[in-house]
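Note that the structure is a prediction, hence the values are computed from the model and not measured. Below, chains carry the letters A, B, ... as their sequence lines are ordered, and counting in each starts from 1.
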Amino acid sequence: MASLTATVKPVPPFDFGLTAGYQTYFRSSYGSDSLAQDVYRRLLDVRGKLVLATVRSVGSVAAPELAVELQGGGLASQDAALAADQVAWILGAHQQLTPFYTLAQGDPVLSAIVERFNGLHLPHAASVFEALVLAILGQQLATNVARIIRTLLIETYGPCQTFQGETYYTFPRPESLLSADLEELQRLKLSRRKAEYIQGIATAALGEPNGLQALHQLPDAEVVKQLLQLRGVGPWTAQWVLIRALGRPDAFPLGDLALRRTVSHLYFNGSTLNDGELEQFSRRWSPWRTYATIYLFTAMRAGAR
DNA sequence: ACCCAGGCATTGG
DNA sequence: CCAATGCATGGG
């Protein structure tokens, strides 16, 4: 089993524990991702080869540096380079937070939050397919219920490999989910409708020259227009894909119940806003509404209810 | 036994 | 064009 190392230098400020923790939902294991003893691990699917990435921080928030160990059968140096790029993408290492922090200075609520979570980058899904499936799976479900179903899906259909006695999974490939029976997916506690949606997404991922990854080339409005063609994808999911899969900085998931609650609580003393009012209010954070959303969610998860 | 939770599609007015 | 409803599960 070959093992290679690589270095990733994120754009400061970058808080490794906070960012990897966001990705694993501050749990030791979350589907294909794990974080324990300051070590983040993820099994990657690099052009069909399974590569385990083990990531440690060897720098600081102000001068960040990540040591990435890559293991896999028949691992060539170009595979390792691709894998390291995937790690950088997943951890949002290239994001420039400073302009957003500057904007946040003018917002008393947000300025306190960005100070508290200084260096939190927004993790990305490895693919548009993964982000879409996870978003649909989680629609309208409590996050802990969604986590159970997500884990079932990954451990049932995801490619896996064992390293040093530990088994790791990566996200299922579209082919695997497409060839599953609807009844089989329903046994994983998906509704029949969501099972159908997910197979539709898998079909889209396998189509075209580049499938859903082609969305990376399009502007936000065009991405949303195309995503809304897919059954199971509404405005909330489309915005979530802009955020989690495409790294667009100014998306805003209107209709998100938790977001509405958080904004109502933090800015309006609990009186609830409707979507129109929330959309209007969110303009104060443009062109960084994605980051505002993520930081507000993080504050909420940390207990700002 | 309810009701709700980080939505969406369908249906009926 | 807006309002109501079914869908899945698990926790309160």
Side-chain angles (χ1 to χ4, degrees), chain A residues 21-27 30-31 113 117 120 122-125 130-157 177 180-204 223-245 248 251-267 270 272-279 281-282 285 289-305:
Chain A
Y22 187 95
Q23 174 73 352
T24 62
Y25 230 85
F26 298 100
R27 289 171 170 272
Y30 196 68
I113 295 174
F117 299 104
L120 167 67
L122 165 63
H124 295 134
E130 175 179 331
L132 262 175
V133 170
L134 291 178
I136 286 175
L137 186 154
Q139 282 168 4
Q140 167 64 20
L141 290 181
T143 49
N144 52 351
V145 177
R147 189 186 62 247
I148 292 167
I149 301 176
R150 166 190 177 129
T151 302
L152 275 172
L153 189 75
I154 290 175
E155 295 189 355
T156 304
Y157 295 104
L177 296 185
D181 293 333
L182 284 177
E183 289 75 18
E184 215 175 313
L185 290 171
Q186 285 181 268
R187 278 197 289 279
L188 304 188
K189 309 180 181 193
L190 285 162
S191 66
R192 181 170 193 92
R193 204 135 70 168
K194 282 187 181 177
E196 290 169 3
Y197 294 162
I198 284 171
Q199 295 204 324
I201 302 299
T203 303
V223 170
V224 169
K225 191 174 154 195
Q226 294 210 12
L227 286 175
L228 292 180
Q229 307 295 312
L230 298 168
R231 284 189 71 229
V233 179
W236 178 85
T237 304
Q239 293 298 311
W240 202 237
V241 168
L242 288 175
I243 292 173
R244 287 284 291 173
R248 305 296 167 88
F252 193 68
L254 258 194
D256 189 299
L257 198 52
L259 181 60
R260 184 160 56 198
R261 253 196 337 246
T262 304
V263 172
S264 299
H265 178 256
L266 293 177
Y267 289 90
T272 45
L273 301 177
N274 63 35
D275 279 350
E277 293 165 334
L278 186 54
E279 209 280 331
F281 189 72
S282 75
W285 302 314
R289 289 187 293 179
T290 293
Y291 297 143
T293 301
I294 291 322
Y295 275 74
L296 288 170
F297 275 151
T298 303
M300 178 191 65
R301 284 186 196 172
R305 290 162 203 290

Distance-only side-chain donor-acceptor flag, A:Gln139 / A:Tyr197, under 3.5 Å: no
Between A:Gln186 and A:Ser191, a side-chain donor and acceptor under 3.5 Å: no
Under 4.0 angstrom between A:Ser191 side-chain N/O and C:dT9 OP1 or OP2: no
Sugar-phosphate only, base, or nothing, as touched by A:Gly255 at under 4.0 Å among non-hydrogen atoms: sugar-phosphate
C:dG10 base / A:Arg147 side chain donor-acceptor hit below 3.5 Å: no
salt_bridge(A:Arg192, A:Glu196) N-O dist < 4.0 Å: yes
Rounded distance in Å - CG (A:Leu141) to P (C:dA8): 11 Å
Any A:Gln140 side-chain nitrogen or oxygen under 4.0 Å from OP1 or OP2 of B:dG7: yes
Steps toward side-chain contact (heavy atoms from CB on, under 4.5 Å) verdict (A:Thr290, A:Phe252): CA-CA 6 Å; A:Thr290 293; A:Phe252 193 68; over 6 Å; no
Earlier contact from the 5' end, DNA chain B, for A:Ala142 and A:Trp236: A:Ala142
Below 4.0 Å: OP1/OP2 of C:dG10 and any side-chain N or O of A:Lys189: yes
Shortest side-chain distance from A:Gln139, nucleotide among B:dG6, C:dA8, B:dG7: B:dG7
A:Arg192, nearest nucleotide to its side chain (from C:dG10, C:dA8, B:dG6): C:dA8
Distance, C1' atom - from C:dA3 to B:dG6, rounded to whole angstrom: 23 Å
Candidate list A:Val224, A:Leu227, A:Leu242, A:Leu132, test side chain to side chain contact (heavy atoms under 4.5 Å, CB included), partner A:Thr237, passing option: A:Leu132
Sugar-phosphate, base or nothing in reach of A:Tyr197, heavy atoms under 4.0 Å: sugar-phosphate
Sugar-phosphate only, base, or nothing, as touched by A:Leu259 at under 4.0 Å among non-hydrogen atoms: nothing
Sugar-phosphate only, base, or nothing, as touched by A:Pro253 at under 4.0 Å among non-hydrogen atoms: nothing
Length of the CZ-C1' vector between A:Arg187 and C:dA8, whole Å: 16 Å
Pair A:Glu277 + A:Arg260, salt bridge at N-O below 4.0 Å: no
A:Leu182 CG - C:dA8 P separation (whole Å): 11 Å
Under 4.0 angstrom between A:Arg260 side-chain N/O and B:dG6 OP1 or OP2: no
Spacing between A:Asp256 atom CG and B:dG6 atom P, to the nearest angstrom: 8 Å
Sugar-phosphate only, base, or nothing, as touched by A:Leu296 at under 4.0 Å among non-hydrogen atoms: nothing
Separation of C:dG10 C1' from A:Arg150 CZ (nearest whole Å): 18 Å
Atom pair distance, as rounded to whole Å: CD in A:Glu183 and P in C:dA8: 12 Å
Sugar-phosphate, base or nothing in reach of A:Ile136, heavy atoms under 4.0 Å: nothing
Gap between atoms CD1 and P, on A:Ile243 and B:dG6 respectively (whole Å): 16 Å
Sugar-phosphate only, base, or nothing, as touched by A:Arg231 at under 4.0 Å among non-hydrogen atoms: sugar-phosphate
Separation of C:dA8 C1' from A:Leu134 CG (nearest whole Å): 17 Å
